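Since the structure comes first, as structure tokens, the remarks are kept for the end.
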Amino acid sequence: MMGKGSLLTHAGLFLTMAKRRFRQWFAALSKIGLIAVMLVAGLVHTPQTVSADAVVTDAVVAEIFKDEPRAAAVNPITNETYVISNNQGYENFTIIDGVTNQATRKHLSGIPLDVAVNPRTNKVYVTSSLGDYSDHDIVTVIDRNNMQISEINTGKKPAAIAVNPVLNKIYIANKEGNSVSIIDGETNKVSTIGVGNMPYAIAVNPQTNKVYVSCWGSHFIQIINGETGDLIKPVPVGNYPEAIAIDHAANRVYIATSEGVSVIIGATDKLRTTIPLNDFIRGIAVNPITHKIFVITGMTTKLVAVIDGENETIEKSVSVQSTPKNVVVNPATNKIYVTTNDGVTVIDGDTNDSLSTLSISIGEGIVPLVVNPVTNKIYAGSVNERKVIVIDGTRTDKSGIGTGNNPRSVAINPFTQKAYVANEGSREVTIVDLKSKELNIVKTLNVGEGSIAAVANPLTNRIYVVHDSAPSFVSVIDGANDMVVATVPVGGSPSAIAVNPITNQIYVANNQSSSVTVIDGESNSKSTVSVGSGPVHIAVHLLTNKVYVTNSQDGTVSVIDGTTKKVTATVQVGQSPKMAAVNEKTNKIYVANSGSNNITIIDGASNATSTVPAGNQPYAIAVNQKTNKVYVSNFLGRTITVIDGASISLMHLPTSYDDYPQKLAVNEGNDKIYVAALNSITVLDGKRNTWTKLASAVNASDIAVNPATNQVYATTTTNQLMAIHQRETANPLPVLIHAFPNNRLTDGTASVRFTPKNNYAPIQGRILDVYYQLDSSQGAWKKATPSGPDDWIGSLDGLTPGMHVLFALATDGQEAKMGSGIGGVYAFYVAPKAAAPTASKSSGEVESGTTVSLSASTAGASIYYTTDGSTPTPGSSLFYHEPIHVKRNMTIKAIAVKAGMAGSNVMTETYTIPVTAPSAPSAPVAAGGRNL
């Protein structure tokens, strides 16, 4: 389950503070010279689009083992990377977990030469040399499904390997045997076919099932029918052909020769041209989306030549710092990575400009370089340092759009992909379409003055904007037409608003009135609940339907039962509590106490408390329910406190650039924590606890994450809505995830339908498989089942209540070498299930006339029952309102139902009435009392 605190259950942070606390803050900020920043405000503002710019964030995130890496391969389906290396004559095969970067090593036979993977079968193939004493060499097959290892004999010096996932065949170029070995992936049977002299490289086009072998000593490319194993023809291409790259979408083959880059037309198997390059070519890579080819040279020059594949001309030559070693393309981000002796250079495929160079000592010799386009991780080998470097290739684009004056809050509906910005300094809500990377204002809606916070209920598509005005009220916006459909009066000085999307109840904290206004989302009727003094924030527990209200002036938290709308407990916490956050999985509530610099942890079952220290003036708080970690922004301490919810251990992390953190937003899907500070927006990696600056900002007043797109949105006092999102190209293999009714499930299991499409141009191959995973795109993918010509079906099990995000990925046989990234994302809700009713008497024998009472532990639930053994259903069965009289053998079945929740499991109790045996007749009695 994905807890979307800032997105759904607390859109507004407290905005009204006690005068004493404000004076303290004002004085503190004056001393550090930040008053000018805090008081930035526009007088008249015309909305305008702010030009987008990019923030480059390629960074080394891990360094793995101390061997000399030789080659590597990635399986994006399992998120594993396989590296072969040589350590003092022993071949090591290393499996790198893409989530944890943990490495597992195994020893194999021989000297490693090359490695490849078949993502469809989850098998890895490693070619090895046994040396001069053997008349053959081997391919080791590692089945990652069961870790069984087998060896297959091949020709001598199996220098290169390629896999065709469509046919499940593996092709090995035997450099000294002048042959190609073809392995049947199902049976491991081998056939061998002779080719030209010294086959150097080998590549497969799974769309045409053709195999291309560069025969270095014969100066031609041998084309093989990959299905039959027959030779098609040799194609002379120039002297000493080596590296091969295939653009499967254009059906063109590019070969590095001593004269330049030769181009073969795949449809005719004829040489079209040779693009001259006056230097030794060290590597070649292609982007099948943009049809650009990237060629690295390094004998007399140190360049990356960018070739336009459509007109076969060199667009640009990009210099690198030292001799280039290898090149790889990430089509999902259109970035090119080049390893050199001194580091890894990153090139922007849009502009052909060098973006950055990561300083890494790579060294001489052949080094591996591979990319996982799904996770955007790059794996680069270093000979000098005998390790593999893991690079996070995330690149973010930043764009912005003008809002009204002084935007204070942003609410996002992930189902409609709209953002609603509450502008305190003007009488309007700015409604922004988030479907495209270029933000577009849908509407500027006049709602009245003093808009301080907004929240969205994605299930009803209603947006609620609270106004701190005289009088105070809440505007209700219908997201279908973006019109105000109601206004609801609330108490004095409202400070925060939250929603329970499942029960459709909206809660407003009224600071001056010391109350909470409860609005029924169906009727817009309201009720008022008295709480502690000076409420400033609200957190909703979706599973228990409890509402936690922090009361800043008396240091308490009021616990409201969402069904009865009554305070069931008042919990003493620290001084001047501000924000609260709920971990629904552990049933713990965390409260940031600004006045006492600590965090109160409330047990949701017993309301018992414990306290842990925080930094100076803890302000905002957020929970990652998947990792069970809690993040607290300490404003004046300029730190983030990280609490491990299991061990209650603490870390205090200084903020990036020594900034003053304010708001927090957690993205559980990628374990990133976004921090809005006075002068910047930064992201904290939840695994590594490292910082990356995303944007410079002026006092970002709110920040939120759209879990369906991983985009981050922040409102700033420069009157902008700023969008920060990962740089991606249009996916050529999009996957439509068919929506559930009303984007909602009422059960923990479901079937989901996927419809992929191939948008590669000009040639579209067939889709092989569709994969999916829930609430993360970083783990292993589950394969969907084909259903008809165009659809695939997946199953979801064990769904917990709350919001979930489903990711989908389509493959066309290129995923191990040229994957296209995530093809579809879909957000939906799972309603909690009502508890099954209980009976006052257990099954068994009872006397005739016994009464059985039914009760529901889920507050507000109705009970329906049957007495004939049939399964009860709402509306068609008996509605329970009084005890049931058992006058015969009877089976009572009952369910509990409640609006906004899934129906309960069926309660079954069976009662039997004992049969009384008839009494024996009495003997007649004579006169005088004697028996006759």
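For clarity, every value in this text was computed on a predicted model and none was experimentally measured. Residue numbers start at 1 and run along the sequence shown. Excluded from the calculations below are hydrogen atoms, water molecules and symmetry mates; all remaining heavy atoms, backbone and side chain alike, are included.
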*For side-chain contact (heavy atoms from CB on, under 4.5 Å), just list the numbers for I621 and V630, CA-CA rounded to whole Å, side-chain angles, deciding distance to a tenth of an Å, and then say yes or no.*
CA-CA 7 Å; I621 191 165; V630 186; 3.8 Å; yes

*Show your working on side-chain contact (heavy atoms from CB on, under 4.5 Å) between K687 and V99 and close with a plain yes or no.*
CA-CA 9 Å; K687 292 184 178 66; V99 176; 3.8 Å; yes

*Side-chain donor-acceptor pair under 3.5 Å between K578 and S552, yes or no?*
yes

*Verify, without hydrogens or angle tests, whether T692 (side chain) and V683 (backbone) share a donor-acceptor contact under 3.5 angstrom.*
no

*Member of N413, N743, I477 meeting the side-chain contact (heavy atoms from CB on, under 4.5 Å) criterion with N461*: N413

*With a 3.5 Å cut-off and no angle check, do the side chains of N905 and K833 form a donor-acceptor pair?*
yes

*Does K526 use its side chain to pair, donor to acceptor, with the backbone of P489 at less than 3.5 Å?*
yes

_Minimum heavy-atom distance between K565 and V529, given as atom pair plus value_ = O-CG2, 3.2 Å

*So V549 and V547, side-chain contact (heavy atoms from CB on, under 4.5 Å) or not? Walk me through it.*
CA-CA 7 Å; V549 184; V547 184; 4.3 Å; yes

*asked:* I need the minimum non-hydrogen distance between L459 and P501, along with the two atoms involved.
replied: CD1-O, 3.4 Å

*Would you find a donor on one side and an acceptor on the other, under 3.5 Å apart, between the side chain of D702 and the backbone of A714?*
no

_Distance in Å, K585 NZ paired with N624 CG, rounded so as to fall on 0.5 Å steps_ = 8.5 Å

*Have K546 and T568 got a donor and an acceptor in their side chains that come within less than 3.5 Å?*
no

_With heavy-atom distances below 4.5 Å as the criterion, would you say the side chains of L434 and T709 are in contact?_
no

*Evaluate the side-chain proximity of W691 to I640: yes if any heavy-atom separation is below 4.5 Å, no if none is.*
yes

*So, the side chain of Q773 versus the backbone of G779: is there a donor-acceptor pair under 3.5 Å, distance only?*
yes

*asked:* Measuring only between side-chain heavy atoms, which start at C-beta, is V712 closer than 4.5 Å to I703?
replied: yes

*Minimum heavy-atom separation for N457 to N504, with atom names?*
ND2-OD1, 3.2 Å

*Kindly assign one of parallel, tilted or perpendicular to the pair F473 and H467, based on the angle between their ring planes and the thresholds 30° and 60°.*
parallel

*Between CZ of R744 and CD1 of I502, what distance do you get to the nearest 0.5 Å?*
7.0 Å

*Do the ring planes of H804 and F828 sit parallel (below 30°), tilted (30 to 60°) or perpendicular (above 60°)?*
parallel

_I need the minimum non-hydrogen distance between T570 and V567, along with the two atoms involved._
OG1-CG1, 4.0 Å

*In Å, rounded to the nearest 0.5 Å, how long is the span from CD1 of I599 to OG1 of T611?*
9.5 Å

*asked:* Are the side chains of T800 and V830 in contact, using a 4.5 Å heavy-atom criterion?
replied: no

_Polar side chain donor-acceptor pair, S701 to T715, under 3.5 angstrom_ = yes

*For T682, does its backbone N or O pair with a side-chain atom of S680 as donor and acceptor, under 3.5 Å?*
no

*asked:* Can you tell whether the side chains of D603 and K588 come within less than 4.0 Å, N to carboxylate O?
replied: yes

_For the residue pair T639 / N634, report whether a side-chain donor-acceptor contact shorter than 3.5 Å exists._
yes

*Output yes when a side-chain donor or acceptor of E584 lies under 3.5 Å from a complementary backbone atom of L542, and no otherwise.*
yes

*So among N593, T550, T609, which one has a side chain to side chain donor-acceptor pair (under 3.5 Å) with T600?*
N593

*Flag the pair Y619 / K663 as yes when at least one side-chain heavy-atom distance between them is below 4.5 Å, and no otherwise.*
yes

*asked:* Quick check against the 3.5 Å criterion: does S409 have a side-chain atom that pairs as donor or acceptor with the backbone of A453?
replied: no

*Side chains of Q711 and Y713: is there a donor and an acceptor less than 3.5 Å apart?*
yes

_Pairwise distance CZ(R638) to CG(L678) - rounded to 0.5 angstrom_ = 11.0 Å

*State, without any angle test, whether N597 and Q617 hold a side-chain donor-acceptor pair at a distance under 3.5 Å.*
no

*Under 3.5 Å, side chain of S633 to main-chain N/O of A620, donor-acceptor pair present?*
yes

*asked:* Looking at every non-hydrogen atom in both residues, tell me the closest pair between I602 and N607 and how far apart they are.
replied: CG2-CA, 3.9 Å

*With the side chain counted from C-beta on, respond yes when N423 and T430 share a heavy-atom pair under 4.5 Å apart, and no when they do not.*
yes

_Heavy atoms of other groups near E522 CD, more than 12 under 6.0 Å_ = no

_Side chain to side chain, F635 and Q662, heavy atoms closer than 4.5 Å_ = yes

*Could you check if a side-chain atom of V474 sits within less than 4.5 angstrom of a side-chain atom of I506, using non-hydrogen atoms only?*
no

*Stepwise side-chain contact (heavy atoms from CB on, under 4.5 Å) check, V825 with V805*: CA-CA 7 Å; V825 184; V805 178; 3.4 Å; yes

*asked:* Is it the case that the side chains of N551 and T556 hold a donor-acceptor pair, with the cut-off being a distance below 3.5 Å and no angle test?
replied: yes

*What heavy-atom pair brings L799 and L796 nearest, and what distance separates the two atoms?*
CD1-CB, 4.0 Å

*To the nearest 0.5 Å, how far apart are CD1 in I681 and CG in L694?*
7.5 Å

*Ignoring hydrogens and angles, tell me if any N or O in the side chain of N598 forms a donor-acceptor pair with the backbone of A614 under 3.5 Å.*
no

*Between T641 and H652, does any side-chain donor sit less than 3.5 Å from a side-chain acceptor?*
yes

*Does the N719 side chain pair with the main chain of N406, one donor and one acceptor, at a distance under 3.5 Å?*
yes

*Start with the C-alpha distance between S515 and N510, add both sets of side-chain angles, then the distance that settles side chain to side chain donor-acceptor pair (under 3.5 Å), and finish with yes or no.*
CA-CA 5 Å; S515 65; N510 305 306; 3.1 Å; yes

*Using distance alone, with no hydrogens and no angle criterion, decide if S525 and D520 have a side-chain donor and acceptor under 3.5 Å apart.*
no

_Nearest 0.5 Å, please: how far is OH in Y590 from CD1 in I643?_
7.0 Å

